[in-house]
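Shown next, in structure tokens, is the structure this report addresses.
These numbers come from a predicted model, not from an experiment. Hydrogens, waters and symmetry mates play no part in the numbers below; they use all other heavy atoms, side chains included.
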Amino acid sequence: MGNMDGKAVEELSATEIHQWYKKYMTECPSGQLTHHEFKQFFGLKNLSPASNQYIKEMFNTFDFNKDGYMDFMEYVAALSLVLKGKVEQKLKWYFKLYDVDGNGCIDRGELLNIIKAIRAINRCNEDMTAEEFTDMVFDKIDINGDGELSLEEFIEGVQRDEFLLNVLTRSLDLKHIVHMIQNDGQNIHMESTRQELINGDVH
């Protein structure tokens, strides 16, 4: 297991963890989720090359100990970070996701490719094109004008600009995944109850 934010995990309720565990073990009985299984897990099919690359980067940021697999605690920590983490925690994760080559800076090409991929997957309906949004981000927060965003520039710049913060948060909203997990948990419970009724175990 890799390094995770314990506080974020602690904020989860027992019910949430139980639902997430059922979903995880149903889809991944081995307890070791691969990149391919990760895509299947969230129903991601027929993706473009750019979207596939984005999903791979997302998987890599969730694979905290870099062993090529996502175990259950990494999976819980990742979802809890995105869903319940503090703003600065989320922005650090966003930065890591956008910094595809891992050099500690985000350039226009990296940000543009990720924004395009996110929109393709989430089917976001935004007023601006991905290119216009990328230009706006750099115009607003690339303080030294070098065409790259450092972690400090990114976090401080986005936190100062409510519009940017809202767009980035909305684009990486994973609430639909939680609903899917919760619905699966309800379906599993209903199926279990149905089987008990058939077997005469419920009175």
How many angstroms lie between atom [atom1] of [X] and atom [atom2] of [Y], to the nearest 0.5 angstrom?
{"X": "K23", "Y": "H18", "atom1": "NZ", "atom2": "NE2", "result": "15.0 Å"}
{"X": "M70", "Y": "N65", "atom1": "CE", "atom2": "CG", "result": "10.5 Å"}
{"X": "L97", "Y": "K90", "atom1": "CG", "atom2": "NZ", "result": "14.0 Å"}
{"X": "D146", "Y": "L149", "atom1": "CG", "atom2": "CG", "result": "8.0 Å"}
{"X": "D142", "Y": "S150", "atom1": "CG", "atom2": "OG", "result": "8.5 Å"}
{"X": "N113", "Y": "E57", "atom1": "CG", "atom2": "CD", "result": "10.5 Å"}

Sidechain-backbone polar pair: D99 side chain, G104 backbone, donor-acceptor under 3.5 Å: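 Checked: pair present.
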
Using only atom types and a distance under 3.5 Å, with no angle test, would you say the side chain of Y69 pairs donor to acceptor with the backbone of D63?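 The answer is no, because no donor-acceptor pair under 3.5 Å joins these two groups.
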
List the residues meeting ring pair (Phe, Tyr, Trp, His ring centres under 6.0 Å) with H35, not counting sequence neighbours, and say none if there are none.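 Once residues adjacent in sequence are excluded, the partners of H35 under the ring pair (Phe, Tyr, Trp, His ring centres under 6.0 Å) criterion are F59.
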
Work out which heavy atom in [X] is nearest to a heavy atom in [Y]; give both atom names and the distance.
{"X": "E110", "Y": "C105", "value": "OE1-O, 3.2 Å"}
{"X": "T61", "Y": "K96", "value": "CG2-CG, 4.0 Å"}
{"X": "E37", "Y": "T34", "value": "OE1-N, 2.9 Å"}
{"X": "A77", "Y": "F64", "value": "CB-CE1, 4.0 Å"}

Consider only side-chain heavy atoms of I, L, V, M, F, W and Y, link residues closer than 4.5 Å, and tell whether M128 and I141 are in one cluster.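 In one cluster with M128: I141, yes.
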
Co-membership, hydrophobic cluster, residues I114 and M136, 4.5 Å side-chain: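 I114 and M136: one cluster.
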
Mind checking whether D71 and L33 have side chains closer than 4.5 Å, heavy atoms only?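 No; the side chains remain at least 4.5 Å from each other.
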
Do L151 and L91 have side chains that approach each other closer than 4.5 Å (heavy atoms only, starting at C-beta)?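 They are not in side-chain contact.
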
Apply side-chain contact (heavy atoms from CB on, under 4.5 Å) to residues L111 and V137 and explain how you reach the verdict. CA-CA 9 Å; L111 183 59; V137 169; 3.7 Å; yes

Any chance you could lay out the salt bridge (charged side-chain N to carboxylate O under 4.0 Å, His left out) test for E131 and K116, step after step, and finish with the verdict? CA-CA 9 Å; E131 288 80 4; K116 283 181 175 179; 3.2 Å; yes

Do T134 and F138 pass the side-chain contact (heavy atoms from CB on, under 4.5 Å) test, and can you show the C-alpha distance, the side-chain angles, and the key distance before you say yes or no? CA-CA 6 Å; T134 300; F138 274 84; 4.2 Å; yes

Output, in order, the C-alpha distance, side-chain angles, deciding distance and verdict of side-chain contact (heavy atoms from CB on, under 4.5 Å) for E153 and I106. CA-CA 10 Å; E153 279 180 317; I106 305 170; over 6 Å; no

Kindly list each side-chain donor-acceptor pair under 3.5 angstrom involving residues 154-164, sequence neighbours excluded, with atom names and distances?
from	atom 1	to	atom 2	distance (Å)
D161	OD1	F163	N	3.1
D161	OD1	L164	N	3.0
D161	OD2	K140	NZ	2.8

Ignoring hydrogens and geometry beyond distance, is a side-chain donor-acceptor pair present between K66 and N60 at under 3.5 Å?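 K66 vs N60: no donor-acceptor pair found between side chains.
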
Got a sec: does the NZ of K92 have more than 12 other heavy atoms crowding it under 6.0 Å?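 Not more than 12 within 6.0 Å, no.
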
Centroid-to-centroid, F72 to Y75, below 6.0 Å?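 Distance test on ring centres: under 6.0 Å, yes.
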
For residues Y98 and W93, establish whether the separation of their ring centroids is below 6.0 Å.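 Judged by ring-centre distance (under 6.0 Å), Y98 and W93 do not meet the cut-off.
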
